[in-house]
**Student:** 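After the structure tokens below, expect a handful of questions from me.
Proteins come first, then strands; the chains are lettered A, B, ... in the order of their sequence lines, and each starts at number 1. The shown structure was predicted, so the numbers you read here are calculated from the model rather than taken from an experiment.
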Amino acid sequence: MLETKYDAKSVEENKYDYWKESGYFKCGNKSKNPYSIVIPPPNVTGKLHLGHAMNVSIQDIIIRYKRMQGFDTLWLPGMDHAAIATEAKVVKRLKDQGIDKYEYGREKFLSACWDWTHEFGGNIRDQWAKMGISVDYSRERFTLDEGLNKAVTKVFVDYYNEGIIYRGERIINWDPEAQTALSNEEVLYKEIEGAFYHLKYYIEGTDEYLDVATTRPETLFGDTAVAVNPEDERYKKYIGKNVSLPIVGKLIPVVADLHADPEFGTGVVKITPAHDPNDFEVGNRHNLERVVVMNPDATMNEDAGKYVGMTREECREALLKDLEEQGLLIKVEPMTHSVGHSERTGVMVEPYLSKQWFVKMGTLAERVLKTQENNEEKVNFVPEKFEKTLTHWMENCYDWCISRQLWWGHRIPAWYKGEEVYVGETAPEGDGWIQDEDVLDTWFSSALWPFSTLGWPEKTEDMERYFPNDCLVTAYDIIFFWVARMVFQAEHITGTRPFKDCVIHGLIRDKQGRKMSKSLGNGVDPMDMIEKYGVDALRYYLATDVAPGTDLRFDEEKLTSTWNYINKIWNASRFVLLNIEDLDSIKLDDLTDEDKWILTKYEKILDSTIKHMDKYEFNLVGMETYNFIYDDFCSHYIEFAKFNSSSPTTKSVLYIVLSGILKMLHPFMPFVTEEIYGMLPIKTHESIMISDYPKVDETKIFEEEERVVDNKIEFIKSFRNVKNENNISKDAKVMISTDDEIIIKMLKLQDVMITEPMDIHSYNVKANEYEATIYFEKQVTEEELKLKEKQIKDLEASIARRKNLLANESYVAKAPEALVQKERETLAKEEELLNSLKDR
RNA sequence: GGGCAAUUAGCUCAGUUGGUUAGAGCAUCUGCCUUACAAGCAGAGGGUCUGCGGUUCGAGUCCGUAAUUGCCCACCA
């Protein structure tokens with residue numbers, strides 16, 4: 001027997017292992033149509049946060065729904081090796097043990113990374129189990145496993161041969177802490193307090209100087225020119241002359257370049273081609289030398305003269321002091337400007353000239369843009385507006401720097417011997433070849449995830465069956481990083497989109513709308529919430545609280561009310577189970593109006609639920625089923641059923657509706673629905689998760705009875721309202737126009753019904769075809785009279801509005817006939833009600 | 001600078017293709033321990049849907065415009 005209170009812990013116990021061991025998560029039934037989703041692989045180093053909880057909840061809802069609908073569902077799990085993130089953590093752990101990465105050596109370091117992976121991967125799997133997600137563990141992959149490595153290498157080699165991947169010297173974002181290149185997306189810009197330092201660059205052989213404003217004086221050792229705008233009258237005369245680099249004394253030319261904006265600063269820009277991407281371009285246009293003045297760890301190198309060995313910051317300080325002493329510093333103008341910082345290590349990114357591998361984006365992006373114009377072939381974003389995020393990125397993308405100066409990752413399959421470069425899946429023949437030390441950007445391998453996990457480049461059955469994936473679920477902040485890359489990679493490599501639908505959800509914020517972060521200390525651990533409210537409550541809340549794609553402000557109070565909702569379902573089930581214990585077969589031969597009414601409501605809500613599920617509108621599913629369960633099922637039908645509880649037909653209806661509710665809710669709250677399903681007297685399947693999702697049964701829709709019972713309910717509500725509003729005691733005598741049993745029982749009128757009017761105060765209640773007069777002793781207070789007046793006034797206003805509307809000829813002519821008819825009926829009802837109110 | 005959103009009850013949010021009197025939860029007020037549930041039940045109050053203009057018989061919904069807020073991208077020598 002069920003406890004009177006829902007106890008999440010006991011309900012959730014053991015079920016996950018039971019499902020898993022029964023093989024319910026596994027795909028492969030060839031007699032069914034396939035449906036596939038690949039999980040966005042979480043970083044192996046990480047801990048699942050609420051965002052992950054939301055992400056996997058949504059996917060599990062989709063997959064459980066499709067599974068129950070009879071699809072052969074594959075939900076493929078896996079994790080990401082997260083090159084820089086993991087490497088940073090392992091480096092730190094070794095450092096704490098007094099071990100230096102480079103002294104330790106590549107092989108031992110990688111083995112430490114694998115240890116870390118195995119240690120933390122287990123945590124993630126435990127948390128997945130807590131979330132109840134039905135992933136097929138037999139297909140689990142890792143972005144750095146052997147198969148994926150093969151795929152990554154093949155793509156690299158093919159791209160190289162096609163000329164899509166190239167090696168070049170560019171200004172890249174350099175992380176001096178991790179000592180690696182970063183892609184644009186791995187750089188976060190922060191507003192910081194800085195200054196414009198105005199320096200004197202003397203014109204050669206004169207005592208005239210140019211006022212050069214810079215935020216980065218320490219890069220002046222790398223200056224190889226000064227640029228002015230060719231149209232700038234102030235400086236035209238200096239073009240072609242030389243200026244003397246302060247402190248250094250080296251002569252560099254003044255060049256004319258549009259990059260110099262006369263409106264900005266002093267209109268004179270120092271050009272440092274090796275330390276600024278714009279200057280690099282200017283340098284190319286004017287054939288300037290590129291002088292790198294820093295070491296990879298952002299200390300100054302020998303080109304910085306006496307400042308060699310200092311850090312960027314030390315050098316700036318010392319240099320400014322010297323400049324000032326020599327009278328070369330004109331002024332310091334404080335300003336805030338945004339400066340790039342490494343997403344992972346947090347240090348200031350140094351634009352740095354270096355040799356890196358790049359993916360040429362042009363043709364790849366064009367193909368995506370073209371595909372997105374074709375409705376049959378494009379990736380369908382849900383909500384649709386996120387498609388713009390993708391296309392906008394594709395229209396404005398830069399070549400992608402894919403090499404990382406790390407060890408943990410897919411090693412670049414390139415070998416060098418002197419000036420020779422060899423790119424291939426295996427090492428070249430002959431001696432003297434040295435493999436590139438670098439690895440690939442993590443996103444290069446995760447971009448292949450939708451198909452590399454299915455065995456590509458082999459022509460596997462899985463690839464044939466589950467690719468393209470049906471759906472991908474992720475948050476909008478990951479569209480640039482990952483979604484975009486999966487799309488162009490899949491389209492170029494496999495010739496098709498990676499997935500048909502891309503369901504985008506929002507981010508989770510705290511109650512005040514701030515991002516959850518360690519520094520604010522406002523993070524919430526999903527595991528704590530599961531401990532307190534159960535995972536069903538957490539899943540339901542995360543999946544249904546907000547419209548698709550919008551951010552969710554996490555509010556623990558809502559989790560409490562979700563718990564209450566589950567408790568309501570629990571208790572409604574308890575009532576049903578208590579009453580249908582002896583039910584052994586479904587009998588629907590003498591349906592009452594009320595039975596027909598709830599069946600109709602149920603079929604309608606089912607129909608609507610399926611439509612919303614198919615459009616991933618889980619918030620609407622939540623709202624509609626909630627209203628159905630609370631109002632129609634619990635408040636009304638269960639109350640009706642209490643008067644009729646021995647009827648086999650009513651029992652059958654209770655059974656049908658309850659089991660339908662359980663199935664509709666199962667994807668959202670798998671544990672509690674499984675628990676209750678297990679107690680049903682009639683079961684078609686061993687587990688609800690492999691049972692059939694209900695289908696709409698048109699023969700159980702009874703429009704007329706639905707209307708009849710709706711009218712009864714409306715009357716019941718009006719009656720209660722009048723009694724409540726007027727504080728009328730329970731035993732007030734009532735004369736009523738109907739002998740409808742349900743109405744009489746619901747209103748508890750059995751002992752107070754009279755047939756003759758009484759000569760005391762009374763209220764008249766009228767709704768639809770039902771009418772009642774309530775007699776009471778108490779004097780009518782002034783307050784109550786005012787209330788009545790207000791009701792009459794409101795009603796009169798409404799009638800006037802409606803009359804006006806119906807008098808409008810163009811409304812009657814153009815609005816749908818049914819609507820006009822309904823307006824007329826409502827008007828009639830209102831007029832009748834008004835009369836009865838006045839009668840009281 | 002470019003782009004994308006948002007603005008609805010005290011708070012957090014819903015509101016499908018325009019169509020009765022705009023809905024939930026929490027909070028507030030009134031009355032109830034009515035044997036599924038008091039973490040409950042029966043009711044109530046609370047909104048000129050950010051402002052202005054337009055299209056329409058009809059606008060929270062479509063168009064324009066202003067304000068405010070948020071996010072993303074680029075740039076900031």
**Student:** Quick check on Q821(A): does its CD atom have over 12 non-hydrogen neighbours (other residues, nucleotides or ligands) under 6.0 Å away?
**Tutor:** yes
**Student:** Using a 4.0 Å heavy-atom cut-off, does K717(A) contact any base of the nucleic acid, only the sugar-phosphate backbone, or nothing at all?
**Tutor:** sugar-phosphate
**Student:** Select base, sugar-phosphate, or nothing to describe what A547(A) touches, counting heavy atoms under 4.0 Å on all strands.
**Tutor:** sugar-phosphate
**Student:** Could you state the NZ-P distance from K511(A) to C13(B), rounded to the nearest angstrom?
**Tutor:** 11 Å
**Student:** So, E333(A) and H198(A): side-chain donor and acceptor under 3.5 Å apart, yes or no?
**Tutor:** yes
**Student:** Could you check E557(A) against T826(A) and say which one's nearest nucleotide on RNA chain B is further toward the 5' end?
**Tutor:** T826(A)
**Student:** Can you tell me how far C1' in G18(B) sits from the matching atom in G54(B), rounded to whole Å?
**Tutor:** 15 Å
**Student:** So K568(A), base contact, sugar-phosphate only, or nothing? Heavy-atom distance under 4.0 Å.
**Tutor:** base
**Student:** Tell me: CD1 of I676(A) to P of C37(B), nearest whole Å?
**Tutor:** 15 Å
**Student:** For atom P, what is the distance between G53(B) and A59(B), given to the nearest Å?
**Tutor:** 14 Å
**Student:** Could you state the CG-P distance from L507(A) to A5(B), rounded to the nearest angstrom?
**Tutor:** 17 Å
**Student:** Using atom P of each nucleotide, how far apart are G10(B) and G51(B) to the nearest Å?
**Tutor:** 14 Å
**Student:** Pick base, sugar-phosphate or nothing for F480(A), based on heavy-atom distances below 4.0 Å to the nucleic acid.
**Tutor:** sugar-phosphate
**Student:** When rounded to the nearest Å, what value does the distance between C1' atoms of U34(B) and G40(B) take?
**Tutor:** 11 Å
**Student:** Which part of the nucleic acid, if any, lies within contact of W563(A), taking any heavy atom under 4.0 Å across all strands shown: a base, the sugar-phosphate backbone alone, or nothing?
**Tutor:** base
**Student:** Taking U61(B) as the reference, what is the distance to A6(B) when you measure between their C1' atoms (whole Å, please)?
**Tutor:** 15 Å
**Student:** Measure the distance from CG on N396(A) to P on C4(B) and round it to the nearest whole Å.
**Tutor:** 12 Å
**Student:** How is D261(A) classified with respect to the nucleic acid when contacts are heavy atoms under 4.0 Å: base, sugar-phosphate, or nothing?
**Tutor:** base
**Student:** With a 4.0 Å cut-off on N to O distance, would you call E624(A) and K611(A) a salt bridge?
**Tutor:** no
**Student:** Atom CD1 in I580(A), atom CE in M679(A): separation rounded to 0.5 Å?
**Tutor:** 12.0 Å
**Student:** Is there a Watson-Crick or G-U wobble partner for G53(B) with both distances under 3.5 Å, and which nucleotide is it?
**Tutor:** C63(B)
**Student:** Give the rounded distance in Å between these two atoms: CG of N627(A) and P of A14(B).
**Tutor:** 16 Å
**Student:** Contact class for L620(A) vs. all strands (heavy atom < 4.0 Å): base, sugar-phosphate, or nothing?
**Tutor:** sugar-phosphate
**Student:** Could you walk me through whether K200(A) and D211(A) pass salt bridge (charged side-chain N to carboxylate O under 4.0 Å, His left out), step by step?
**Tutor:** CA-CA 5 Å; K200(A) 290 181 184 172; D211(A) 178 348; over 6 Å; no
**Student:** Measure from the side-chain heavy atoms of N619(A) and tell me the nearest of C37(B), G15(B), G3(B).
**Tutor:** G15(B)
**Student:** Map D279(A) and S635(A) onto RNA chain B by nearest heavy atom, then report which one ends up closer to the 5' terminus.
**Tutor:** S635(A)
**Student:** Looking only at atom C1', what distance separates G47(B) and C11(B), rounded to whole Å?
**Tutor:** 14 Å
**Student:** At under 4.0 Å between heavy atoms, what does D276(A) touch on the DNA or RNA strands: base, sugar-phosphate, or nothing?
**Tutor:** nothing
**Student:** Which word best sums up how the rings of F640(A) and Y637(A) line up, parallel for under 30°, tilted for 30 to 60°, or perpendicular for over 60°?
**Tutor:** perpendicular
**Student:** If we take the P atom in both C62(B) and A14(B), what is their distance in whole Å?
**Tutor:** 15 Å
**Student:** Considering only C71(B), A36(B), A5(B), which nucleotide approaches the side chain of Y476(A) most closely?
**Tutor:** C71(B)
**Student:** Looking at E809(A), I'd like to know if its CD atom is crowded, meaning that more than 12 non-hydrogen atoms belonging to other residues, nucleotides or ligands lie closer than 6.0 Å.
**Tutor:** no
**Student:** Go through the side-chain N and O atoms of S183(A) and E186(A) and say whether any donor and acceptor fall under 3.5 Å apart.
**Tutor:** yes
**Student:** Tell me whether the side-chain N/O atoms of T550(A) come closer than 4.0 Å to OP1 or OP2 in A14(B).
**Tutor:** yes
**Student:** Is the base of C4(B) touched by the side chain of K388(A) through a donor-acceptor pair closer than 3.5 angstrom?
**Tutor:** no
**Student:** Specify the separation, in whole Å, of atom CD1 of I638(A) and atom P of U34(B).
**Tutor:** 18 Å
**Student:** Answer yes or no: does a side-chain N or O of H275(A) lie under 4.0 Å from OP1 or OP2 of A77(B)?
**Tutor:** no
**Student:** Quick one: which of U16(B), C71(B), U30(B) gets closest to the side chain of K615(A)?
**Tutor:** U16(B)
**Student:** Mind checking the C1' distance from U7(B) to G45(B)? Whole angstroms is fine.
**Tutor:** 25 Å
**Student:** Students often get this wrong, so: under 4.0 angstrom with heavy atoms, is A572(A) touching a base, only sugar-phosphate, or nothing?
**Tutor:** base
**Student:** Nearest of A77(B), A36(B), U20(B) to any side-chain atom of C634(A)?
**Tutor:** A36(B)
**Student:** At 4.0 Å (heavy atoms only), tell me whether Y630(A) reaches a base, stays on the sugar-phosphate, or touches nothing.
**Tutor:** sugar-phosphate
**Student:** So, is R802(A) near the phosphate of U20(B), with a side-chain N or O under 4.0 Å from OP1 or OP2?
**Tutor:** no
**Student:** Please classify the nucleic acid contact of F196(A) as base, sugar-phosphate, or nothing, using heavy-atom distances under 4.0 Å.
**Tutor:** nothing
**Student:** To the nearest 0.5 angstrom, please state how far the CG atom of L658(A) sits from the OG atom of S573(A).
**Tutor:** 4.5 Å
**Student:** Is the distance from OP1 or OP2 of G40(B) to the nearest side-chain N or O of N564(A) less than 4.0 Å?
**Tutor:** yes
**Student:** For the pair made of CZ in F633(A) and C1' in C37(B), what is the distance, rounded to whole Å?
**Tutor:** 13 Å
**Student:** With a 3.5 angstrom cut-off on both distances, give the Watson-Crick or G-U wobble partner of C26(B), or none if there isn't one.
**Tutor:** G10(B)
**Student:** For G45(B), give its Watson-Crick or G-U wobble partner with both distances under 3.5 Å, or none.
**Tutor:** none
**Student:** Give none if G40(B) has no partner; otherwise give the nucleotide forming a Watson-Crick or G-U wobble pair with it, both distances under 3.5 Å.
**Tutor:** C32(B)
**Student:** Contact class for E624(A) (heavy atom, under 4.0 Å): base, sugar-phosphate, or nothing?
**Tutor:** nothing
**Student:** For R514(A) and C71(B), give me the distance from atom CZ to atom C1', rounded to whole Å.
**Tutor:** 17 Å
**Student:** Using Watson-Crick or G-U wobble geometry with both distances below 3.5 Å, tell me the partner of G70(B), or none.
**Tutor:** C4(B)
